[in-house]
There are 2 protein chains.
Amino acid sequence: MTEVRATERSPRSGARLGAESGGEADTRTRIQQVALELFTQNGYEATSLREIAEHLGVTKAALYYHFRTKDEIIESLVEDRLAKIEELIAWAAAEPHTLETRREFLRRYADLLHEQGHHTLMRFFERNQSSMTQHKAGVMMRGRMIQMLDLLSARDAPLPEQIRCSLAIFALHSTWFTVRDPDVTDEQRREAALDVALGLIE
Amino acid sequence: MTEVRATERSPRSGARLGAESGGEADTRTRIQQVALELFTQNGYEATSLREIAEHLGVTKAALYYHFRTKDEIIESLVEDRLAKIEELIAWAAAEPHTLETRREFLRRYADLLHEQGHHTLMRFFERNQSSMTQHKAGVMMRGRMIQMLDLLSARDAPLPEQIRCSLAIFALHSTWFTVRDPDVTDEQRREAALDVALGLIE
DNA sequence: GTCTATAAAATGATAGAC
DNA sequence: GTCTATCATTTTATAGAC
């Protein structure tokens with residue numbers, strides 16, 4: 001039973017619409033975008049709220065109107081995405097545990113990753129794993145990743161198989177330093193990564 | 001041509017012996033060990049020198065006797081390891097560009113990783129990629145990783161092949177969240193990872 | 001080689017005006 | 001919804017005694 005904050009004094013409510021309306025983003029959404037970009041580029045802890053505010057052309061205080069803490073920026077980004085992942089996990093858990101289910105699971109996860117900014121969010125987590133162990137959002141996300149891994153390979157499966165399954169997920173997330181050719185489109189990378197991932201779970 | 005500091009006033013010299021003598025480590029080495037552990041666990045930026053000092057039972061000032069800056073701790077860890085990698089790259093570059101060379105390259109890199117703490121160092125880099133883009137050591141290491149990737153696959157190779165080669169290297173580094181079973185030994189993991197990596201470069 | 005003490009700057013966060 | 005001003009804390013780093 002979680003406490004309900006009835007005395008909310010700002011737009012900081014639980015679930016939010018985000019940037020799905022295609023037009024110019026509101027401040028809250030712009031904060032999320034800029035913050036995620038800077039966090040991914042330079043590191044979560046290394047990026048100060050001052051920096052974020054400067055990039056947006058506002059003051060720190062303005063950020064604090066939209067988010068109570070620095071953590072909450074990440075948490076807000078994770079919230080809805082986490083729900084989507086949980087949905088996908090629930091789907092797979094209810095299906096028969098066949099190879100075809102695992103394949104379809106990867107396909108759906110690949111789709112999920114390319115909705116809105118989920119791909120960039122996972123990239124952020126990959127690049128900030130150490131920081132994220134100390135933050136709720138990171139612990140939550142890691143928990144889901146392990147659940148996903150459990151769906152792909154049993155805990156007593158041969159070690160190489162387990163590694164291949166980890167890599168399958170990682171392949172989808174990562175542009176790691178795969179990105180030597182800057183002309184490759186997101187769509188091409190997505191397709192290639194899914195191809196590799198599917199090959200890894202055979 | 002790099003500047004030579006002739007007026008060195010402390011043990012901060014270029015190349016050092018490190019922990020290769022099996023006995024109890026000197027302070028400098030203990031700082032390196034503890035720092036790397038905390039950096040990997042909690043994040044580079046999130047780990048303060050105060051924390052490191054406390055874990056060692058000394059004061060911050062003592063750290064500054066051994067390392068001029070926080071950066072220098074990482075740099076000192078990277079120095080000799082970087083040389084080893086460069087050596088390996090030079091070897092591979094001189095060999096004929098065959099599949100067997102690439103295989104042997106991975107085997108040798110896997111060996112390298114399990115000398116001393118190289119494995120833990122790469123784990124640190126994997127988990128702190130974002131922070132490290134802002135630090136010299138990180139930029140250097142990333143450069144070497146890209147060189148390694150160039151040895152494994154041409155820049156105009158099909159995208160899936162490129163991805164598989166990235167994953168091959170990553171598989172060796174990573175215990176990612178592969179580590180669901182805590183009873184698996186390092187040696188087992190190493191062998192399994194090499195197995196997977198070799199399969200990926202076919 | 002390690003300590004005490006402290007400087008100088010930056011950071012996350014808040015109060016209150018507009 | 002954004003601003004100015006400010007606080008409390010922490011951080012990296014240094015000076016100088018022992």
Side-chain angles (χ1 to χ4, degrees), chain A residues 5 7-13 16-17 19 24-36 38-39 42-77 128 130-132 134-138, chain B residues 5 7-13 16-17 19 24-36 38-39 42-76 128 130-132 134-137:
Chain A
R5 279 191 253 103
T7 52
E8 201 70 60
R9 70 154 203 250
S10 78
R12 294 188 284 251
S13 44
R16 293 197 106 259
L17 293 174
E24 60 292 334
D26 60 2
T27 304
R28 188 187 150 96
T29 306
R30 283 175 60 231
I31 294 172
Q32 289 176 318
Q33 289 170 341
V34 168
L36 185 60
L38 290 174
F39 290 163
N42 306 326
Y44 176 75
E45 315 280 356
T47 304
S48 68
L49 294 174
R50 177 188 53 74
E51 257 179 291
I52 298 170
E54 272 170 16
H55 271 255
L56 286 164
V58 297
T59 62
K60 270 194 299 176
L63 302 189
Y64 277 101
Y65 172 76
H66 296 280
F67 300 97
R68 245 197 298 262
T69 64
K70 191 179 172 184
D71 268 58
E72 214 179 87
I73 301 178
I74 292 294
E75 277 169 35
S76 75
L77 285 162
N128 289 273
S130 286
S131 296
M132 286 301 108
Q134 297 196 316
H135 298 273
K136 198 179 105 193
Chain B
R5 280 191 251 102
T7 53
E8 200 71 61
R9 69 152 203 249
S10 79
R12 293 187 284 251
S13 43
R16 295 197 104 259
L17 293 174
E24 60 293 334
D26 60 2
T27 304
R28 188 188 150 96
T29 307
R30 284 175 60 231
I31 294 172
Q32 289 176 319
Q33 288 170 343
V34 168
L36 184 60
L38 291 174
F39 290 162
N42 306 326
Y44 176 75
E45 315 280 355
T47 304
S48 68
L49 294 174
R50 177 188 53 74
E51 258 179 290
I52 298 170
E54 271 170 17
H55 271 256
L56 286 163
V58 297
T59 62
K60 274 190 299 174
L63 302 190
Y64 278 102
Y65 173 76
H66 295 279
F67 300 97
R68 244 197 296 266
T69 64
K70 193 179 170 185
D71 268 57
E72 214 178 88
I73 301 179
I74 292 295
E75 277 169 35
S76 74
N128 289 272
S130 286
S131 295
M132 286 302 108
Q134 297 196 314
H135 298 273
K136 197 179 107 195

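Just so you know, these numbers use all the heavy atoms, side chains as well, and skip hydrogens, waters and symmetry mates. A note on names: the letters A, B, ... follow the listed sequences, proteins ahead of strands, and every chain is numbered from 1.
Computed from C1' positions of five pairs at each end, the angle between the two local axes of the helix from C/dG1-D/dC18 to C/dC18-D/dG1 equals 10°, rounded to 10 degrees.
For A/Thr69, the side-chain atoms get nearest to C/dA13 when compared with the rest of D/dT2, C/dA13, D/dA13.
Nucleotide C/dT11 holds its C1' atom 12 Å from the CD1 atom of A/Ile52, rounded to whole Å. Atom CD of B/Glu45 is separated from atom P of D/dT10 by 18 Å (rounded to the nearest Å). Taking atom OH of residue A/Tyr64 and atom P of nucleotide C/dA17, one finds them 21 Å apart after rounding to whole Å. Between the P atom of C/dT2 and the CZ atom of B/Arg28 lies a distance of 13 Å, rounded to the nearest Å. The separation between A/His66 atom NE2 and D/dC3 atom C1' is 13 Å, rounded to whole Å. Distance OH (B/Tyr44) to C1' (D/dT11): 12 Å, rounded to an integer number of Å. Straight-line distance from the NZ atom of A/Lys60 to the P atom of C/dA15: 15 Å, rounded to whole Å. One can place CZ of B/Phe67 at 12 Å from P of C/dG1, the figure rounded to the nearest angstrom.
Taking 4.5 Å as the limit, every side-chain heavy atom of B/Asp71 sits out of range of all side-chain heavy atoms of B/Ile74. You'll find the side chain of A/Ser76 reaches within 4.5 Å of the side chain of A/Arg28, heavy atoms only. For the pair A/Tyr44 and A/Lys70, the minimum side-chain heavy-atom distance is below 4.5 Å.
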CA sep, side-chain torsions, deciding dist, call: A/Asn128, B/Ser130, side chain to side chain donor-acceptor pair (under 3.5 Å): CA-CA 6 Å; A/Asn128 289 273; B/Ser130 286; 3.0 Å; yes
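Residue B/Thr59 has no polar side-chain atom (N or O) positioned under 4.0 Å from OP1 or OP2 of C/dT2. For C/dG1, the OP1/OP2 oxygens have a side-chain nitrogen or oxygen of B/Tyr65 closer than 4.0 Å. OP1 and OP2 of D/dA13 both lie 4.0 Å or more from every side-chain N or O belonging to B/Arg68. Within the structure, a side-chain polar atom (N or O) of A/Thr27 is placed less than 4.0 Å from OP1 or OP2 of D/dT2. Contact check, A/Ser48 against C/dA10: no side-chain N or O comes under 4.0 Å of OP1 or OP2.
Summary of the strand contacts: A/Leu49 and A/Ala61 both lie near DNA chain C, and taking for each the nucleotide with the nearest heavy atom, the more 5' one is attributed to A/Leu49. Residue-to-nucleotide proximity on DNA chain C shows that, of B/Gly57 and A/Arg50, the 5′-proximal contact is made by B/Gly57.
Residues passing the salt bridge (Lys or Arg N to Asp or Glu O under 4.0 Å) test with B/Glu54 are B/Arg50, sequence neighbours excluded. In this structure, the side chain to side chain donor-acceptor pair (under 3.5 Å) partners of A/Glu45, at least two apart in sequence or on a different chain, are A/His135.
Looking at B/Glu51, its side chain does come within 3.5 Å of a backbone N or O of B/Ser48 through a donor-acceptor pair.
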